[in-house]
Each structure stands twice: as C-alpha cells, then as structure tokens.
Amino acid sequence: MNLRLSLPLILVLIIVPQSIQGSGLKTFLNTLSPKSPYSFVFPLSGNVFPLGYYSVSLQIGNPPKDFTFDVDTGSDLTWVQCDAPCSGCTVRTELQYKPKSNTVPCSDPICSALHWPKKPECQNPKDQCDYEIEYADQGSSIGALVVDQFSLKLLDGSSFVPRLAFGCGYDQHFLSAHPPPATVGVLGLGKGKISILTQLVSAGLTRNVLGHCLSSKGGGFLFFGDNVIPSTGVSWTTLVSPGFDSRWERLFTMLGFPTKSNHYTTGPAELLYNGKPTGLSGLKLIFDSGSTYTYFNSKTYQAIVNLIGNDLKGKPLKDVKEDKTLAICWKGATPLKSVLEAKNLFKTLTINFKNGRTNSQLQIPPESYLIVSKTGNVCLGILNGSEVGLHDSNVIGDISMQGTMVIYDNEKQQLGWVSADCDKLPK
Ligand SMILES: *[C@@H]1O[C@H](CO)[C@@H](O)[C@H](O)[C@H]1NC(C)=O
C-alpha cells in the first residue's frame, strides 16, 4: 500500500530564489522563450488494485536506457536505484542506473536547491552532493545527485534531450514492497526546485503545469505543460501553503526551521455525503499520486465509516473480517467481479471547496473509493490517516483520481480537475 508522501521535517526541498538554475541547462535558456508552448505527454502503466501504483517509463543516458518510475506528486526528488554499488536495491544490477563520473558537485546551485533552507554539508566544494529522503510509509533512500540526459518526446513527436539532475540511490530501506517491484525509482513531481518539472521550466522547455489522467482500467497518461488541458469544463481551487492555519508553522519558518513542504495542498473544504452536509469541514487535502488510497483524519474517517455502515443496513452486503485486503471489506451474496456491481449500494462523497464567493466540487463516486478484492469482496479504499501519522492533513490518492484529469498549475497556484477519458492519449 503505497503512501509515497515525503516527510517535510526530515528532508527539505523547498523554494529557492528564481536565479538558481541547474548547471548544464542554461544552453536552452537562450534558445527558448520563458513562456514555452511545449508540452510533454507520457503514457502510464499500473492500476489501483492489485498493483497499487501508476508508473512511467523514462529514457536516461546516452545511449538511452529505460527506467520505470513510480509517479509521485507527494515528493520532489526523482531518484533511481543505482549501481554505485547498491545496498537495499530491489531490482537486478542490470536494471539499475550506472553513474559514470557524473555526480553533481556540492558547490552546484542545484545542490543548494536540494538542501534549502539548510546548506549542503560538504568539506570540499568538489565533493558529491548527497541526498536523503524519507517517505510517510517509512521507506527511505540515500544517494548522491547525478546529472544525465533525458530523452523526452513532445506532443508533436519531436524530442528534446535536456540534462537534468536526479538522485542516484545506493542505499535503500523499504519495509514493504517499495518501491513497487516493477519500478526502479520515484518520479518526484512536487513543487520543489529539484523536481524534474522545475528543472525543465528553468530551462525554458515548458510551463510550470503538470497533470495526470489515471484510468480505472489501468494505465493513463502524465503531462508537463498546459497544451492538453481542455479549455472548458475544468473546476479549479486554490493551492495553499500547507501551514495556512498554523501559527506555529509560520513561527518555525520565520526562525528558519524547515517546516514547509512542497505538497499540493488544497482547502479548507467541507465534505458532503449523498449531496448532504456532514458537518465535516475545514479539511486540508493533499493530492498525492504516490498514494494508492485516500486517507482522512481519524474523526472524518470515523464519520465516513458510520455513514456508509448505516446505509448498508438491510442491504445484501455483510462485514467480512477474514478479508485482510484493506481495513474494511464487505461480502455479497455471491463474489463480485467489479466495483460496478456494488456501486448502487453506495453513495457519492463530495468535497466542496469554497473559493471566495464561488464553490467547486470534486465528486468521489463509489467506484473512486471502493475496490474488489481477489476473493470478490468489496473493500473501502478510504483509510485512517491517523494510523499512518497524518493527523492534520488528508490525502486524495490514486483511487479517488481515477477517470479524472487532475491538473497542478504552479503558475496560477491552483489545482484543477475534469472528468476525462484517460485511456486515450491526447494528440
Ligand atoms: C485511527 O487511528 C488512530 C491511531 O492509530 C486510532 O487512535 C483511532 O481510533 C483510529 N480511528 C478509527 C475511526 O478507527
């Protein structure tokens, strides 16, 4: 069960001044306008269940070699399991990235971007730039920044080969099957300067906008840039600074402690069930493609479980404790093949964002919060966030973003969504 949300207090990859750009990227700056019209589209593989993640294949190096990444909007750093050699790697040596004297020196601005607001710890400016990242599911990766060429295809089929900095991870610790078995690293798409998108934007290659469309049938697509966003029908809400209601956090920030994270946080929002108010409001929601399921804080979670439980009274679904797929599963008269067979017994959840005088609503229909287990039971894909250490924030995971184009617009600081056919790659 992925919850690939980086922990803000442990590793810190935050806002750095506009003037800082990765070395090796500047050649592009002169040739392209700052408001670049380019968009990149990448096909995705994977699903919510049974795999639990969506992944993208990227080509790195010369000659280019394929690497499959877990797509994660909950963290910033892109890293790949690396034959440096490696301890704790989950893939065979042949599938790992081989560094070839291409580590980023500690004195490079991109290293400061990685470590900001702390300073990189290095004895010698020529030392390699080390990183360490921890995730909410207790996995971690240690390694060094390297720079190499990425082969990126544009919508029109032409391609670019920018040199980008990413992590070469040679010391991994993962409790469960993380990173997911078929992936060799994490594509960090958070807002931090170290993210691949931020580097592409600094190089003038694309707009600071990304999005994904996760298909409920599996697969879908990821995009950088704003060309594929429909001109009508998109609902928007403001992206907020995570500490917007916390005076302590502001104080810590003033004192220079690293507290801000680069998560895509929205809210405050209220929760509706079957179109009616639940009394639950003031919710902060992080949109995180690195999380398989959706997490609510204990109080909200309990309320949702009660509402659903009450609705199921007298219906042909009974609690089944033997099914350990997720915390709560129900058994029907006969085993189910698809969520669609049970969706009529459940109601839609709605997240209502108040944006000044207007509202925007994100609908979470039953098929976006339920899965069918291997034994044909239906299980609740909404989990207790307090159990995984999320006390204040809630996380909208892959399950609730299926069949929807989700847009993270870092230029206008807003998050958008529109229902979409994620099986069709945009042209
Ligand atoms: C959620 O998890 C917390 C922490 O483990 C626990 O104290 C609480 O009772 C749980 N809430 C529900 C509704 O299960």
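All ligand and atom numbering here is 1-based and tracks the order in the structure. When reading the values below, keep in mind they use all heavy atoms of this one structure, side chains included, and skip hydrogens, waters and symmetry mates.
If you check the side chains of T294 and S400, you find a donor sitting under 3.5 Å from an acceptor.
The shortest N or O to N or O distance between S298 and ligand 1 is below 3.5 Å.
No close placement of the Y295 and Y301 rings is indicated, their centers lying 6.0 Å or farther apart.
In this structure, the protein non-hydrogen atom closest to atom 13 (C) of ligand 1 is Q302 OE1, 2.7 Å.
Close contacts of ligand 1 with N384, meaning ligand atoms under 4.0 Å from a residue heavy atom, involve 1 (C), 2 (O), 3 (C), 8 (C), 10 (C), 11 (N), 12 (C), 14 (O).
A search for ring pair (Phe, Tyr, Trp, His ring centres under 6.0 Å) contacts involving W417 returns F353, not counting sequence neighbours. For S57, the side chain to side chain contact (heavy atoms under 4.5 Å, CB included) test picks out D66, T68, with sequence neighbours left out.
Within the 4.0 angstrom cut-off, atom 5 (O) of ligand 1 has one or more protein heavy-atom neighbours.
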